[in-house]
There are 2 protein chains.
Amino acid sequence: MGNSEKSISSAVIKRLPRYFRYLGVLKANNITRISSKELSEQMMVTASQIRQDLNNFGGFGQQGYGYNVDNLYTEIGKILGLDKRNDMIIVGAGNLGQALANYQSFNEDYGYKVMALFDVNPKLIGISVRGVKVLDIDEMESFIKAHDIKIAALTLPKDQAPEMAKRLVEWGIKGIWNFAPIDLHLPEDVTVENVHLAESLMTLTYNIHNREESGD
Amino acid sequence: MGNSEKSISSAVIKRLPRYFRYLGVLKANNITRISSKELSEQMMVTASQIRQDLNNFGGFGQQGYGYNVDNLYTEIGKILGLDKRNDMIIVGAGNLGQALANYQSFNEDYGYKVMALFDVNPKLIGISVRGVKVLDIDEMESFIKAHDIKIAALTLPKDQAPEMAKRLVEWGIKGIWNFAPIDLHLPEDVTVENVHLAESLMTLTYNIHNREESGD
DNA sequence: TAGATTGTTAATCGATTAACAATC
DNA sequence: TAGATTGTTAATCGATTAACAATC
């Protein structure tokens, strides 16, 4: 399914969550309608880009009126899959894994549910992080299958990450949120979203030392 | 300074840390030379892109030979500013702030030094995270000035982030590594590198639900 | 209706890839 | 030298912006 439509460029996809965030703020402020022009000024992008982006998914606006904030928020949520069950596990219960488990916004604002953390460290197994148990990594296969988990955050050291990613996929995981500083090579029906913190920090450092007067 | 050269596109800059990472692996494996073709196969990009990217900064290669791994690694490190002192502070000593302080790779592999964490929470003030003290946020201004800190990781809740960012800049911070889910509007000589985890997760979710057979 | 604003086509801009002369 | 591979120009591709007819 979804195979007949022309595929959407990843540049567009990456902008959707930001639209969603701004619409959430508008909604919270009881603003009911917004034009692409107004939104473009708030977001500091072109109105043209907003209209082009949204029209990849359908005509959500109305000529002469603009967009209904509530409706557009809901529709973008659906496009992003936030209307579906998004149960996830966190593989690696170290500092970063625990920090992710603690971050309530994923659940409260977007509906993601962390079902369990997994680790090999006996000192961690059995503890709870905000009500979520750390389980032995040996139990992971059955857990994934029993709960039909599709999303795994991978917060293991980089030397363990590729092998674990391979197994996760064998057990049914379809999307890996990868925090290990390594590239994972997986079947093409599996999605990898990398969060390479060190690379992000290096980009920052470059810009600090090379900033031009005409920044964007 | 740096104002006369044509500015480098951010697409190129964002690829540099990945080149750096691959070169680090080659170096660790005692590989002394590599051609753009070989590297392109490992990294799954085009050789043309590698040569174009590198030539923004100078001719690091040699016809008929390729690139010297050690030299190229060093040069890219310099471009990224890793040869400079990169002292940083972490503002917000919650789970994420502590997780960053704990992540030794920033220091061991790239030379970043976390000088202190800051928080308002009396329960956190005084504790140490991997030898780094959590200080009262009231001491931050003098600390930044005394240690000439230019880089701050901002791991506060989103409602506190914009005001704090403004102050950090007043006190001399030139680069903010922003983990708060909000856009910061700061003077253009200040760099902001966003790590918007929720947005990254939503992108993953979109792709899980909409993956095509012909993935890239 | 008149005014506003979308949806969409066309034009522009920038980034990627291909090609090849230069040269080690 | 002959072969390999860069540095760089030219061609292509894709993404962004501008423009405007459609229409609420």
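We name chains A, B, ... by the order of the sequence lines, and we start the count at 1 in each one.
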Contact under 4.0 Å: A:S48 side-chain N or O vs D:dT16 OP1/OP2
no
When the nearest nucleotide of DNA chain D is assigned to A:S9 and to B:S35 on a heavy-atom basis, which residue is associated with the more 5' position?
B:S35
OP1 or OP2 of C:dT17 less than 4.0 angstrom from a side-chain nitrogen or oxygen of B:T46, does that happen here?
yes
Are A:W177 and A:Y112 an aromatic pair by the rule of ring centers under 6.0 Å?
no
May I ask you to evaluate whether B:R15 reaches the phosphate of C:dT16, defined as a side-chain N or O under 4.0 Å from OP1 or OP2?
yes
With both distances under 3.5 Å as the test, what is the Watson-Crick or G-U wobble partner of C:dT5?
D:dA22
Any N or O donor-acceptor pair under 3.5 Å from the base of C:dT9 to the side chain of A:Q52?
yes
For A:R51 and C:dT6, is the shortest distance between a side-chain N/O and OP1 or OP2 below 4.0 Å?
yes
Strictly by side-chain hydrogen bond (donor to acceptor under 3.5 Å, both in side chains), give each pair with a member in residues 147-158 of chain B just once, sequence neighbours left out.
B:D148-B:K150
Would you jot down, in residue-number order, the residues of residues 63-75 of chain A having a non-hydrogen atom under 4.0 Å from DNA chain D?
A:Q63, A:G64
Consider side-chain contact (heavy atoms from CB on, under 4.5 Å). Of B:D53, B:L54, B:T46, which one does B:I50 pass it with?
B:L54
With nearest nucleotides of DNA chain C determined for B:V45 and A:G59 from heavy-atom distances, which residue corresponds to the more 5′ nucleotide?
A:G59
The ring-ring contact (aromatic ring centres under 6.0 Å, His included) partners of B:Y73 (sequence neighbours excluded) come to B:F20
Within the modelled atom types, does a donor on one side and an acceptor on the other bring the side chain of A:Q62 and the base of D:dT23 under 3.5 Å apart?
no
Which residue, B:V132, B:N102, B:V129, forms the side-chain contact (heavy atoms from CB on, under 4.5 Å) with B:V114?
B:V132
